[in-house]
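The structure appears right after this line, and notes come after that.
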Amino acid sequence: MNSAALLVLADGRFPAGGHAHSGGAEEAVAAGRVRNVASLQEFCRGRLHTAGLVAAGLAAAAAAGCDPLLLEEAADARTIAPALRHTSRRLGRQLMRAARAAWPCAELDALAAARPRGAHQSVVLGLTARCAGLAPMDAAYAAAYESIGGPVTATVRLLRLDPFDATAVLARLAADIDHVAAQAAEAAQRVRTDGVAALPAASAPLLDITAEQHVTRPARLFAS
């Protein structure tokens with residue numbers, strides 16, 4: 001395992017575009033569902049076990065060497081809201097640029113050529129992990145952490161939360177991240193025998209609805 005590469009990939013300063021997205025947190029704040037540290041923690045827990053689990057499974061499968069174009073189809077099937085599909089591909093395109101600069105790899109080049117408008121972020125993340133010499137479990141951890149790290153950082157700005165309190169939310173969800181990463185990596189192992197249907201397909205209808213609402217908001221701080 002290339003532990004240093006995992007640190008680089010999971011670093012919030014890695015130029016993958018995530019800083020411009022709130023992962024649904026902005027709309028949740030606007031609707032009053034996230035008001036303080038306690039409600040932020042519950043929002044993140046729910047997102048981690050749904051959207052985060054799906055992303056972690058796709059990333060782990062890509063890192064394991066599964067056909068990224070098949071995983072692209074699986075990601076489409078698991079991303080119902082058009083707004084979330086657009087966001088995922090936009091983030092995937094930005095991540096692809098950063099990944100190809102950091103870890104030049106023929107597999108990344110092939111996916112970029114096949115999906116010039118952007119592949120799903122989770123698939124690009126997993127393939128990046130593979131090209132960086134990381135294991136499927138590493139990719140699952142990176143995806144799981146990213147699924148809540150973005151909303152936590154965004155909420156510090158949206159609610160002016162104490163950054164120490166926000167960081168504590170991530171620490172308290174560490175065991176959940178462990179569980180989601182392990183579940184995702186185990187599912188990825190079964191793709192070769194059971195197909196992409198083995199990957200998690202947890203849904204989060206409220207995230208889908210609020211993503212569509214967010215794109216119609218005339219004034220917003222984050223892109224999603």
Got H49 and H179 here, is their nearest side-chain heavy-atom distance under 4.5 Å? yes
Considering only heavy atoms from C-beta outward, does the side chain of R33 approach that of L206 to under 4.5 Å? yes
Give the minimum heavy-atom separation between L95 and A16, together with the two atoms involved. CD1-CB, 3.9 Å
Looking at every heavy atom in both A181 and M137, which two are closest together, and how far apart are they? O-SD, 3.7 Å
Find the distance between CG (L58) and CZ (R78) and round it off to the nearest 0.5 Å. 6.0 Å
Any D208 side-chain heavy atom under 4.5 Å of T79 side chain: no
Could you tell me whether a side-chain N or O of E72 sits under 3.5 Å from a main-chain N or O of V123, the two making a donor and an acceptor? no
Minimal heavy-atom distance between A198 and V191, with the atoms involved, is CB-N, 4.3 Å
Taking the side chain as every heavy atom from C-beta outward, state whether V215 and R220 have any atom pair closer than 4.5 Å. yes
One should read off an interatomic distance between H214 NE2 and H21 NE2, to the nearest 0.5 angstrom, of 9.0 Å
Is it the case that one hydrophobic cluster holds both V180 and L134, taking links as side-chain heavy atoms less than 4.5 Å apart, direct or via other members? no
Report, as yes or no, whether the 6.0 Å neighbourhood of atom CZ on F222 holds more than 12 heavy atoms from other residues, nucleotides or ligands. yes
Roughly how far, to the nearest 0.5 Å, is the CZ atom of F14 from the CD atom of E146? 12.0 Å
Neighbour count above 12 (heavy atom, 6.0 Å) for R85 CZ: yes
Please report the C-alpha distance between L71 and L199 in whole Å, then the side-chain angles of each, then the deciding distance to 0.1 Å, and finally whether the side-chain contact (heavy atoms from CB on, under 4.5 Å) criterion is met. CA-CA 10 Å; L71 295 176; L199 294 174; 3.8 Å; yes
Do V37 and L159 land in one hydrophobic cluster if side-chain heavy atoms of ILVMFWY residues count as linked below 4.5 Å? yes
P151 to C44 - nearest heavy-atom pair and separation: CB-SG, 4.4 Å
Let me see the working for R217 and E26 under salt bridge (Lys or Arg N to Asp or Glu O under 4.0 Å), right down to the final yes or no. CA-CA 11 Å; R217 185 177 291 278; E26 184 169 13; 5.8 Å; no
Would you find a donor on one side and an acceptor on the other, under 3.5 Å apart, between the side chain of Q121 and the backbone of R90? no
Could you grab the distance from atom CD of E107 to atom OG1 of T128, nearest 0.5 Å is fine? 10.5 Å
Hydrophobic clusters here meaning ILVMFWY residues chained together by side-chain heavy-atom distances under 4.5 Å, can you tell me if L127 and V196 are in one? yes
Please walk me through it: do F43 and T155 pass side-chain contact (heavy atoms from CB on, under 4.5 Å)? CA-CA 11 Å; F43 173 84; T155 309; over 6 Å; no
Donor-acceptor pair, distance only, cut-off 3.5 Å: does the side chain of R47 make one with the backbone of G52? no
Examine I148 and V34 and state if one hydrophobic cluster contains both, with Ile, Leu, Val, Met, Phe, Trp and Tyr joined whenever side-chain heavy atoms are less than 4.5 Å apart. yes
Report whether L170 and L53 are members of the same hydrophobic cluster (ILVMFWY, side-chain heavy atoms less than 4.5 Å apart, transitive linking). yes
R89 versus D76: any side-chain heavy-atom pair under 4.5 Å? yes
Interatomic distance, R190 atom CZ to T193 atom OG1 [nearest 0.5 angstrom]: 7.5 Å
Is the shortest heavy-atom distance from the side chain of N36 to the side chain of D165 under 4.5 Å? no
In terms of heavy-atom contacts, E212 and A83 come closest through OE2-N, 2.7 Å
What are the two closest heavy atoms between T50 and A202, and how far apart are they? CA-CB, 3.8 Å
Separation between CD1 of I80 and CG of L207, rounded to the nearest 0.5 Å: 13.0 Å
